[in-house]
*Asks:* 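This is the structure I want to talk about, given as structure tokens.
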Amino acid sequence: MILNLITTALVLCILGVVFLLIAYVTSLAILLFLPWTQAYLVFAHWLKLQNPSRLLTPEAYTLRPFTTRNIRIATSDGLQLGAWHILPKSTPRGVLEKIQESHAKSSTESNESNETDSTGTENDPTTILFEDALKTAEKVVLYFHGQVGDRGKSNRISTYKAIQEAMPTAHVVTIDCRGYGDSDGFPSEAGFKTDAMAAWLWLTKRVASEAVVVYGHSLGSGVATNLCLQLEEQQDAPLALILDAAFTSMPEMMTAYRKIPIVRPFARFPYLLNHFKTRMLDRFETVRAVEAIRSPLLLIHGQEDADVLISNSHTLFHTALTARRLHSYTKELAVTEAGEAASAEEELARAGLELSFQISHTTSRIERVAKDGALSRRGHGGEVLSEAVDVTKDTPSLPSLTSSNSGDAGLGSGVTSGSNSTLVNSPRYGPKEPEPGEMHEHGQCHTVQLDFPREGSLEYNQDYQIGFLTVQYAVHNNCSDFEIAREVLGAFLRTVENRKFVHGRSTSANDVSQDKTDGASSDTSDSQSGRSGISSSSSSSSRLEQDLAKVLCLDKIGSVDLCEVPEVVE
């Protein structure tokens, strides 16, 4: 009797396990391999954390009162997207008072007419005030958020505030792509491309494209990258591209996702895993897009991010850096004969090979420099000393700069906010640093390493305007909560603007000089030379502000004469 009961229980257990296995495999196949259900897994747009109608009243959130308006953006395929326009932190008090008065009047009229939509019309006084402010904007951040929730999610509110702390004069326009929040439609990669372009067109009807910064977080990084790629193909690039917690591609991210390991069982079966990757429709191949993008790029990632591993941003940074360096090679090489063609191919292959073995971690760089033995430096007066000097003896607040020079990582330096630090630079070789707007020789690629103890680290290449900020202890949604992220973001965009401004003025001055030299009198030439001298002086004074490492150094330690910063030589 007992034996029969044990046998029956064992059989039921086996049947139960088999049933659960069949149910899991069936549901997994339905979820992953049917396009409609696959979208629910990829976008998670169905997880609405609040009533979308609440988004119509931005004043209900923790943003500053009367600084945010709700807007609707029409797409080319007939959908309506919900979005917010947030005024900058530096908005004059008088403008906010006018908006408050207009808002109170509009609310009264809406209540009398039983209207609930607070979007406003073109002739609405509040809308006019916001539009006037936007048309005179110095800078606008176009923000694309990630999975789950909408533009009013608490961590996104924190990001908007952090962006405006980093850039007090910047407006923020944040949208819910189709399927999210109060936007129409069902999400898809192709649809998101349409939505992003619609938001761009809406914005650039009011401000110049050179004033717009495209910012993407998590899933939004794929949207932002696709938009930037489209714009560059149309010769209409933004000021910069910021990617926060970015991933290389959606198939890779889904297979590495650890919180909900739906796809993890596939890892034991490479054939099934590859089949799943090839069957994904919404791919967001960010790693391929950054190879073609030439806009200034800043990657931000939390060291403790368990949703999207930081290795994704490492891959994106080195892929983009390699592509930009090879691009500069191909622009400079002119191949006319067979022998020269073979030489050029070897040169390109060697450049790519060197970059593929680039060491990105500071600890490895410091160890490699230490193995070279004692370093020497050139002091302020030109004398050569045989060892690194602890500059904190004279300047206790001076942060430490550590660096290396290997392959593409020519010049390296790092800045920290801690005390009791030393400044050590590795040997610097290659041609002198060019003037603003002048291209470096193709054999040189300066990658700067800045370390901020207990805060994070930044790898930055000034030549190609690409940076990668690692925020220590930050997780997936809170990089912007850390001061270092706000500091680097603000300094990065400031240097990008300064470099573009100085380069534009330099080019303009050269054009004017050439035109006037062709058919002008001697006194005109003298006047022109004076302007050229002024331009040269202005250009020289702006070089400091174009170097992100030096800007961050100044922010940390105050004004410092660059000639007082020692440089290590062999």
*Asks:* Considering only distance and modelled atom types, tabulate donor-acceptor pairs under 3.5 Å from the side chains of residues 240-248, sequence neighbours left out.
*Replies:*
unit_1	atom_1	unit_2	atom_2	d
Asp244	OD2	Tyr215	OH	3.2
Thr248	OG1	Asn312	OD1	3.4

*Asks:* For the pair Glu487 (side chain) and Ala166 (backbone), establish whether a donor and an acceptor sit closer than 3.5 Å, ignoring hydrogens and angles.
*Replies:* no
*Asks:* Identify, with sequence neighbours excluded, every residue that meets side chain to side chain contact (heavy atoms under 4.5 Å, CB included) alongside Thr174.
*Replies:* Trp84, Tyr143, Arg151, Tyr160
*Asks:* So, His145 and Asp176: side-chain donor and acceptor under 3.5 Å apart, yes or no?
*Replies:* yes
*Asks:* Is there a donor in the side chain of Asp77 and an acceptor in the side chain of Thr194, or the other way round, less than 3.5 Å apart?
*Replies:* no
*Asks:* Under 6.0 Å between ring centres, would you say that holds for Tyr464 and His327?
*Replies:* no
*Asks:* Between Phe192 and Phe43, is the gap from one ring center to the other below 6.0 Å?
*Replies:* yes
*Asks:* Taking the six-membered ring of Tyr61, is NZ or CZ of Arg54 closer than 6.0 Å to its centre and within 45° of its axis?
*Replies:* yes
*Asks:* Mind listing the side-chain donor-acceptor pairs of residues 291-300 below 3.5 Å, one per line with the distance, residues two or more places apart or on another chain?
*Replies:*
unit_1	atom_1	unit_2	atom_2	d
Arg294	NH1	Glu291	O	3.0
Arg294	NH2	Glu291	O	3.2
Ser295	OG	Glu232	OE2	2.5

*Asks:* With the threshold set at 4.0 Å, does a side-chain nitrogen-carboxylate oxygen contact exist between Lys48 and Asp182?
*Replies:* no
*Asks:* State whether the side chain of Asp305 and the backbone N or O of Val308 hold a donor-acceptor pair below 3.5 Å, judged by distance alone.
*Replies:* yes
*Asks:* Within the side chain of Thr225, is there an N or O that forms a donor-acceptor pair under 3.5 Å with the backbone of Gly222?
*Replies:* no
*Asks:* Does the Arg156 side chain pair with the main chain of Asp150, one donor and one acceptor, at a distance under 3.5 Å?
*Replies:* yes
*Asks:* Are the side chain of Ser183 and the backbone N or O of Gly82 linked by a donor-acceptor pair below 3.5 Å?
*Replies:* yes
*Asks:* Are the aromatic rings of His301 and Phe468 close, with centres under 6.0 Å apart?
*Replies:* no
*Asks:* With no hydrogens and no angle check, just 3.5 Å: does a side-chain donor-acceptor pair link Thr159 and His217?
*Replies:* no
